[in-house]
Amino acid sequence: MAAAAHQSADLIVIGAGPAGAAAALAASHAGMEVVLLDEAAAPGGQVYRARPAGLSLAPEASGPDDRAGDALRAAVAASSVTWRASALVWSISGAFRVDAVTPSGHESFTAPRLIAATGAHERVVPFPGWTLPGVIGLAAATILLKSQGMVPGRRTVVAGCGPLLAAVAAKIVAGGGTVAAVVDLAGPSDWLRALPKLASRPDLLKQGVGWALKLRQARVPVLFRQTALRAEGGEALERVVIGSVDAVGCPTGGAERVFEVDALAVGHGLVPGSEIPRLLRAAHRFDAAAGGWVPERDGFGRCSVAGLYAAGDGAGIAGAEPARLSGYLAGLAAAHDSRFVDAATVQREAATIQAEQARLRGFAGAVGRLMRARPAMVGAIAPDTVVCRCEDIRRAEIEAAIAAGAREVNQLKHFTRCGMGPCQGRFCGETAAELLARHVGSREAAGYWTGRPPLRPVPLADLLGTFDYSDIPVPEAAPL
Amino acid sequence: MNAMRFDNGFRRGETLSFSADGVTVRAHRGETVAAALMAAGMLGLRRSPRDGAARGAFCFMGVCQECAVHIEGALKRACQVPASQGLVVELRGAV
Amino acid sequence: MTAAYDLAVVGGGIHGATVALFCARAGMKTVLFERGSLCREASGVNAGTLTMQMTRVALIPYALKAHAMWAAARDWLGHDVGVVVCDGLSLAFTQREAELLSFRAGKRREAGAPIELISGVAAREVEPGVAEGVLLAGHCKVDGYANAYLTGLAYRRALIEAGVDLREQTPVSGVAREASGFSVLTQSGAVATRRLVLAGGVWLEEMTAWLGIDLAIKVLINQLAVTERVAPVMRTVVGIASGLLSLKQYPHGTVVIGGGWQGKGDRARGGAELVPESLIGNMRLACHAIPALKQARLARAWAGLEAETRDALPAAGPIPGIPDAYVCGSVHSGYTSGPYIARLLAQRILGQESVDPLFPIDRLLTPPVAPLLPSAAGRAADEQPHHV
């Protein structure tokens with residue numbers, strides 16, 4: 001029984017953010033038949049999210065991201081790339097058959113080459129009360145602000161690390177909301193140290209300075225070397241307690257401050273979403289600077305599995321523009337490997353791209369350092385704090401499982417159910433691995449979740465469609 | 001009211017209303033169910049399976065599954081569903 | 001050279017672990033080698049079904065006794081594997097299935113399984129979640145399930161408490177015959193032992209080759225799926241006449257769907273690849289049987305490797321021609337019957353009388369050393385064992 005619809009192509013690209021779109025366009029311009037899939041209704045990924053139908057932006061309010069996103073969408077539409085929106089990819093098998101649930105039902109796509117460009121997800125180190133309604137991610141706050149035109153609450157604390165803090169806080173102020181405080185794990189010295197590298201991208205530095213000035217104007221308190229120690233409330237968030245941390249993110253036990261707020265936007269960095277290379281059993285390595293486990297790749301994004309390429313933040317956190325460049329190289333490589341483009345052309349185009357990548361590396365590295373994982377924060381998690389949100393598994397239970405002999409994350413999952421819930425370990429995975437690493441010596445030793453389908457939880461009703469009993473091809477009966 | 005709509009250059013689609021546990025919720029075309037509920041002050045969407053703790057939307061990008069509730073009788077992530085006129089939302093999750 | 005052991009077991013699934021457990025408790029100095037983590041292969045990833053209705057006729061007497069062991073796991077294992085004893089239903093939706101069900105249930109009943117044939121209406125009383133359109137159902141009260149992924153932790157604790165030298169993350173590269181037994185070759189050196197049990201599941205073929213024995217083990221790649229937690233949709237173990245569906249809902253709400261639908265993989269790579277049509281067919285069958293399941297979301301799918309001998313009966317007993325060497329595995333529905341068969345082998349190793357016959361591998365070797373006795377084979381003449 002085949003899927004409802006089946007399509008063959010030269011190349012399938014999964015993820016239509018800056019990396020995926022660039023990859024698809026590069027390959028398509030070289031003459032390849034390309035299918036581009038994304039769960040969203042329009043290309044752009046998270047950073048260049050399209051505005052939903054019904055919401056529009058006044059021209060004076062549009063910024064560089066809006067313009068870049070519109071250009072990306074226009075380029076895809078103008079190309080011969082087959083763009084499939086609202087496609088929930090749930091299985092990838094062979095080399096390569098991609099199964100997806102789309103508005104038309106269950107569809108499958110086949111191609112000898114596959115580019116994974118599925119982006120990153122947020123890292124949040126658990127703290128008491130982080131599961132209260134009203135506590136959202138920093139990236140989540142960005143989506144509310146940019147795509148829905150809403151500030152998260154009447155009074156918001158913005159906490160965590162990296163440039164997203166200032167971006168979110170400034171946008172809340174611009175939207176007429178109140179930011180009770182910006183709470184940064186980093187200290188002024190961290191920002192000063194980063195400044196020379198940040199200055200290598202004057203456009204982005206200027207944007208950041210603009211945010212900082214806006215916060216200053218609005219008299220928003222900016223607290224350095226602080227963290228949200230706990231969130232409190234009954235059925236929803238009512239207050240956030242802030243306290244000092246040291247240079248590695250560990251609470252110092254000093255004086256606490258309480259902010260009465262109804263929203264907390266918190267984020268502690270980004271983690272590469274390398275679920276597709278993992279599912280296909282590509283080799284991975286742990287790269288803390290890149291955000292965690294990343295697929296082993298050559299300079300063009302080729303993975304250890306033949307025909308598989310990975311690009312963008314899903315293969316290592318570097319930001320939107322580096323993602324676009326890495327996507328372009330992956331598309332180019334796929335075109336070369338499929339004999340649509342000769343080696344000389346590749347050399348020529350790659351040289352420019354690689355020079356540009358080198359120019360951007362400094363900035364990306366500095367931001368990555370500001371957003372890096374801070375293992376000491378994980379060490380400081382209180383025992384009865386929920387680590388696995390889906391299954392309500394607390395730190396104490398994870399420690400007990402380690403004491404009972406769990407030595408790598410998949411064994412830990414079997415011992416506790418941590419990672420077995422619908423988020424498929426995306427939000428607890430980093431914390432669980434870090435807790436395990438403290439006992440087994442390293443993140444490498446702790447390992448990563450074995451990749452299994454479906455890539456996202458998929459409703460059975462959508463997957464199975466309508467069928468008659470006689471349609472089901474039951475194999476031969478089992479032996480008596 | 002928690003999340004607040006701002007003007008600042010946004011032009012919203014026409015207003016509509018849907019129901020959540022029988023309560024009428026106003027929204028604009030283009031808003032997701034999760035965002036509209038947050039703007040209406042309805043932050044608690046379901047309860048966690050073991051502890052029965054109140055949970056609401058967390059990541060707003062379809063990954064965390066905290067906002068998976070019954071919409072028109074099927075379990076869907078509220079942050080991925082556009083609000084539409086007359087939509088029936090039950091504030092309960094898979095369990 | 002490390003200290004000598006009375007018994008070395010190679011392979012840490014439930015067969016190997018159970019043999020080690022009973023031998024150690026009887027006083028044998030025992031070491032168990034597992035190249036990964038305990039009970040993480042077939043033993044940790046199977047559907048956990050404890051049913052007579054999918055057990056081979058020849059194994060029914062063993063499965064009944066194993067079921068009693070699982071139900072009393074707290075007593076002999078000492079730790080929880082989440083065993084739930086409940087009713088089981090095997091459903092027939094077509095006339096052909098009803099005939100197949102009657103025949104199979106009859107054979108299993110003859111072998112001692114308390115299976116009754118009931119109407120579709122009666123089936124819905126046993127299991128309100130079952131679909132309409134059931135023509136006939138096999139109903140058995142000796143049924144239920146365990147939580148396979150809890151097995152590793154439970155056995156780990158039991159083995160350590162029994163004083164077994166448990167060596168996880170310790171691959172064995174070979175075994176050599178010595179004057180006083182065997183030496184087991186590991187990366188950190190050879191370990192001397194008087195007796196040897198090979199309990200390597202699908203890798204039993206490679207293990208027996210260490211001793212020059214050619215035992216062909218077929219590898220089945222069984223796909224399984226689990227939903228996220230859902231509100232109660234069923235309260236029994238459900239299967240169908242052909243034996244190609246297993247379905248149950250755990251107390252915490254997840255529903256596990258299995259039945260032997262094949263994925264792609266091999267001994268080297270494991271259950272490497274899902275076959276989407278296979279998974280969808282399996283889930284359609286599940287949703288046909290329990291319609292409320294359609295509201296659920298699929299959370300995870302995987303494949304486990306199952307070992308099968310040429311006649312799809314166990315490889316459990318002494319290795320011919322090699323004193324003090326034994327095999328234990330390839331039981332077929334090994335999780336269901338495994339603990340009892342492994343305990344029988346332990347009794348044999350300890351020199352005790354075993355109540356039920358084992359399954360010596362002589363019959364499987366080329367040329368066959370001796371045929372299996374008809375009473376232990378119990379194979380219906382007109383049924384050929386095969387899987388897709």
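Since we're looking at a predicted model, the values are computed, not measured. Quick note on labels: first sequence line is chain A, next is B, and so on, each numbered from 1.
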Thr466(A), part contacting chain C, at a heavy-atom distance under 4.5 Å: backbone

Contact class of Ser91(A) relative to chain C, heavy atoms under 4.5 angstrom: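 The answer is the side chain of Ser91(A).
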
Side chains of [X] and [Y]: does their closest heavy-atom pair fall under 4.5 Å?
| X | Y | answer |
| --- | --- | --- |
| Cys287(C) | Leu460(A) | yes |
| Trp302(C) | Thr450(A) | no |
| Arg40(C) | Asn410(A) | yes |
| Val458(A) | Arg297(C) | no |

Steps toward side-chain contact (heavy atoms from CB on, under 4.5 Å) verdict (His252(C), Arg417(A)): CA-CA 11 Å; His252(C) 53 253; Arg417(A) 283 194 64 82; 3.1 Å; yes

Working for side-chain contact (heavy atoms from CB on, under 4.5 Å), residues Met283(C) and Leu463(A): CA-CA 9 Å; Met283(C) 292 190 298; Leu463(A) 201 52; 3.5 Å; yes

Nearest-0.5 Å distance that lies between atom [atom1] in [X] and atom [atom2] in [Y]:
| X | Y | atom1 | atom2 | answer |
| --- | --- | --- | --- | --- |
| Asp462(A) | Lys294(C) | CG | NZ | 12.0 Å |
| Leu279(A) | Glu273(C) | CG | CD | 9.0 Å |
| Ile472(A) | Leu245(C) | CD1 | CG | 9.5 Å |
| Asp99(A) | Ile280(C) | CG | CD1 | 6.5 Å |

If we define contacts as heavy-atom pairs under 4.5 Å, which of [options] has the most with chain A?
| options | result |
| --- | --- |
| Gly36(C), Ser242(C), Ala303(C) | Ser242(C) |
| Glu228(C), Arg229(C), Arg108(C), Arg157(C) | Arg229(C) |
| Gly243(C), Ser37(C), Pro276(C), Gly263(C) | Pro276(C) |
| Asn147(C), Leu279(C), Leu153(C), Val275(C) | Leu153(C) |

Residues Glu168(C), Arg407(A); criterion salt bridge (charged side-chain N to carboxylate O under 4.0 Å, His left out); working and verdict: CA-CA 10 Å; Glu168(C) 292 174 289; Arg407(A) 281 289 161 272; over 6 Å; no

With only heavy atoms counted, which part of [X] is less than 4.5 Å from chain A, the side chain, the backbone, both or neither?
| X | answer |
| --- | --- |
| Leu293(C) | both |
| Thr254(C) | side chain |
| Gln295(C) | neither |
| Arg269(C) | neither |

Nearest non-hydrogen partners of Gly271(C) and Arg452(A), listed with the distance: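 Closest heavy-atom pair between Gly271(C) and Arg452(A): O-NH1, 3.8 Å.
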
Under 3.5 Å: donor-acceptor pair, side chain of Arg56(C), backbone of Leu480(A):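 It does hold such a pair.
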
Gln424(A) (side chain) donor-acceptor with Ala299(C) (main chain) under 3.5 angstrom: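 Yes, the answer is positive, given that a donor and an acceptor are paired below the 3.5 Å cut-off.
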
Working for salt bridge (charged side-chain N to carboxylate O under 4.0 Å, His left out), residues Arg97(A) and Glu277(C): CA-CA 12 Å; Arg97(A) 171 180 154 161; Glu277(C) 280 87 6; 2.7 Å; yes

Chain C interface, residue from Cys390(A), Ser470(A), Pro453(A) that has the most non-hydrogen pairs under 4.5 Å: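 Among the listed options, the one with the most contacts to chain C is Pro453(A).
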
Worked verdict on Gln411(A) versus Tyr149(C) for side-chain contact (heavy atoms from CB on, under 4.5 Å): CA-CA 9 Å; Gln411(A) 191 178 20; Tyr149(C) 65 75; over 6 Å; no

Test log, rule side chain to side chain donor-acceptor pair (under 3.5 Å), inputs Tyr469(A) and Glu97(C): CA-CA 12 Å; Tyr469(A) 190 58; Glu97(C) 284 181 351; 2.7 Å; yes

